[in-house]
Protein chains: 2
Amino acid sequence: MELHRRKSKQRERIYEAIRASRSHPTAQEVYGALKAGMPSLSLGNVYRNIAILLEEGRLQAGEFGSGTVRYDAVTAGHYHFVCERCGAVSDLDMPAVEAITAAARRLSPHRVSGHTVRFYGTCAGCLGAEKAKSKQRR
Amino acid sequence: MELHRRKSKQRERIYEAIRASRSHPTAQEVYGALKAGMPSLSLGNVYRNIAILLEEGRLQAGEFGSGTVRYDAVTAGHYHFVCERCGAVSDLDMPAVEAITAAARRLSPHRVSGHTVRFYGTCAGCLGAEKAKSKQRR
DNA sequence: TTACTTGCAAAGATTTTGCATCTGT
DNA sequence: ACAGATGCAAAATCTTTGCAAGTAA
């Protein structure tokens with residue numbers, strides 16, 4: 001009745017795909033990326049393995065306004081930037097400010113164990129596209 | 001072809017329900033809360049009106065780990081606390097730190113317009129329940 | 001062998017939409 | 001009257017599950 005986890009090619013490929021990606025992929029994107037090299041792979045199994053990887057703490061999940069969950073191979077507590085125009089999610093090269101958690105502990109009746117920060121705006125790519133468009137308009 | 005928005009009893013009730021609630025309700029919760037006093041109300045219409053209210057900037061949306069979207073009548077930039085045990089979402093009485101946005105602007109190639117902070121941990125209610133349980137165990 | 005894994009397909013859950021009808025203005 | 005709003009039910013998405021067959025240990 002114990003749970004001895006076996007090594008599984010599918011699970012490792014799924015983990016690798018997420019770790020290698022810079023884009024915080026969704027389950028469907030992971031599936032799409034692996035399907036070519038692993039035709040037997042099923043979407044249900046991607047979801048199942050992601051659940052296991054989350055449980056093991058090898059992944060982190062988040063929803064960033066698209067309505068679907070995105071995954072991230074945890075590196076450390078890092079902050080995210082979400083483009084309000086195209087929905088892209090990127091990591092921010094910014095040290096986590098532990099003082100924020102400390103401040104919340106002082107102010108809140110709850111047991112605060114940590115925090116995340118999410119920045120909003122327009123990503124560099126969309127800014128470029130916008131500029132090109134306004135130039136065209138003249 | 002213009003869009004003249006009409007006043008609608010449903011929409012105002014939906015907005016009021018969300019504004020009055022402290023719990024960041026989901027669409028289904030709003031529907032459940034209003035159904036009694038408005039039997040003809042449909043869930044689809046709740047979703048439609050929430051979309052309009054979001055567009056008008058009267059509401060804010062967020063997903064907090066439950067897999068369903070929660071809504072909030074925007075007051076100002078405020079931070080949230082999410083209980084990892086029961087999923088409850090509450091507001092934190094903590095002034096938004098604008099310096100964080102400024103720091104991100106300096107470090108990021110994107111146009112950063114703002115940020116949100118989310119704290120994680122165990123809420124006071126769950127802490128109490130936990131304590132009661134461990135006492136019982138002795 | 002044992003019991004964890006997988007693929008497949010069906011089921012769940014949440015959210016969106018088409019359409020005929022109703023209603024503010 | 002006209003264009004927006006509503007209810008209802010069907011559809012679209014995303015995610016989870018049951019089951020029989022495959023597979024690591």
Side-chain angles (χ1 to χ4, degrees), chain A residues 1-18 21 23-56 58-72 87 89, chain B residues 1-18 21 23-56 58-72 87 89:
Chain A
M1 222 233 99
E2 292 177 55
L3 199 144
H4 291 287
R5 209 130 251 165
R6 290 182 193 161
K7 190 176 293 183
S8 122
K9 191 169 292 181
Q10 281 87 339
R11 182 145 63 239
E12 289 316 309
R13 289 271 189 92
I14 289 167
Y15 174 70
E16 265 315 308
I18 296 173
S21 162
S23 67
H24 307 76
T26 64
Q28 311 241 7
E29 285 166 356
V30 172
Y31 174 68
L34 295 179
K35 186 70 175 175
M38 219 177 195
S40 79
L41 184 66
S42 67
L43 182 56
N45 198 34
V46 170
Y47 276 106
R48 252 185 311 229
N49 277 304
I50 284 178
I52 292 173
L53 292 166
L54 284 170
E55 199 182 290
E56 296 178 345
R58 298 215 272 161
L59 291 186
Q60 227 176 238
E63 196 277 343
F64 299 85
S66 64
T68 72
V69 182
R70 295 184 163 278
Y71 305 95
D72 199 351
V89 178
Chain B
M1 221 232 99
E2 291 176 56
L3 198 144
H4 290 286
R5 209 130 250 162
R6 289 182 194 161
K7 192 176 292 181
S8 123
K9 192 169 292 181
Q10 282 87 339
R11 181 145 64 239
E12 288 317 308
R13 291 268 190 92
I14 289 167
Y15 174 69
E16 264 316 308
I18 296 173
S21 163
S23 68
H24 306 77
T26 64
Q28 312 242 10
E29 285 165 356
V30 172
Y31 173 69
L34 295 178
K35 185 71 176 174
M38 217 177 196
S40 78
L41 184 66
S42 67
L43 182 56
N45 199 32
V46 171
Y47 276 107
R48 253 185 309 229
N49 277 304
I50 284 177
I52 291 173
L53 292 166
L54 283 169
E55 199 182 289
E56 296 178 344
R58 298 214 271 160
L59 291 186
Q60 227 176 238
E63 195 277 343
F64 298 86
S66 63
T68 72
V69 181
R70 296 184 163 279
Y71 304 95
D72 198 350
V89 178

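A, B, ... follow the sequence lines: proteins, then strands. Residue 1 opens every chain.
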Exercise. Could you give the CD-to-C1' distance, from A/E63 to C/dA13, as a whole number of Å?
Worked result: 15 Å

For this session: Flag the pair B/R58 and B/E12 as a salt bridge only when some basic side-chain nitrogen lies within less than 4.0 angstrom of an acidic carboxylate oxygen.
Result: yes

For this session: Identify which nucleotide among C/dT6, C/dT15, D/dC14 has an atom closest to any side-chain atom of A/N49, counting heavy atoms from C-beta outward.
Result: C/dT6

Exercise. How do B/Q10 and A/R6 order along DNA chain D: which one's closest nucleotide is nearer the 5' end?
Worked result: B/Q10

Problem set entry | Along DNA chain C (nearest heavy atom to each residue), the more 5'-positioned of B/N45 and B/S8 | B/N45

Exercise. Could you state the CD-C1' distance from B/E12 to D/dA5, rounded to the nearest angstrom?
Worked result: 13 Å

Exercise. Do A/L41 and A/Q10 have side-chain heavy atoms sitting under 4.5 Å apart?
Worked result: yes

Problem set entry | Euclidean distance, atom NZ of residue A/K7 to atom P of D/dA25 [Å, nearest integer] | 6 Å

For this session: Check whether any side-chain N or O of A/Q28 sits under 4.0 Å from OP1 or OP2 of D/dC14, and answer yes or no.
Result: yes

For this session: For A/L43, report the nucleic acid contact type (base, sugar-phosphate, nothing); a contact means any heavy atom under 4.0 Å.
Result: base

Exercise. What's the CZ-P distance between B/R11 and C/dG24, to the nearest Å?
Worked result: 12 Å

For this session: State whether B/R5 and B/E55 are salt-bridged, where the test is any N-O pair (Lys NZ or Arg NE/NH1/NH2 against Asp/Glu carboxylate O) under 4.0 Å.
Result: yes

Exercise. Rounded to the Å, how far apart are A/I52 CD1 and D/dT16 C1'?
Worked result: 13 Å

Exercise. Would you say A/S42 reaches C/dT6's phosphate, i.e. side-chain N/O to OP1/OP2 under 4.0 Å?
Worked result: no

Exercise. D/dC14 C1' sits how many Å from A/Y31 OH, rounded?
Worked result: 14 Å

Exercise. What's the OH-C1' distance between A/Y47 and C/dG7, to the nearest Å?
Worked result: 16 Å

For this session: Give A/R48 one of three labels, base, sugar-phosphate or nothing, depending on what nucleic acid heavy atoms sit under 4.0 Å from its own.
Result: base

Exercise. Tell me: CZ of B/R5 to C1' of D/dA5, nearest whole Å?
Worked result: 10 Å

Exercise. Is there a side-chain contact between B/Y31 and B/M38, using heavy atoms and a 4.5 Å cut-off?
Worked result: no

For this session: Kindly say whether A/D72 contributes a backbone atom to a donor-acceptor pair with the side chain of A/H24 at under 3.5 angstrom?
Result: no

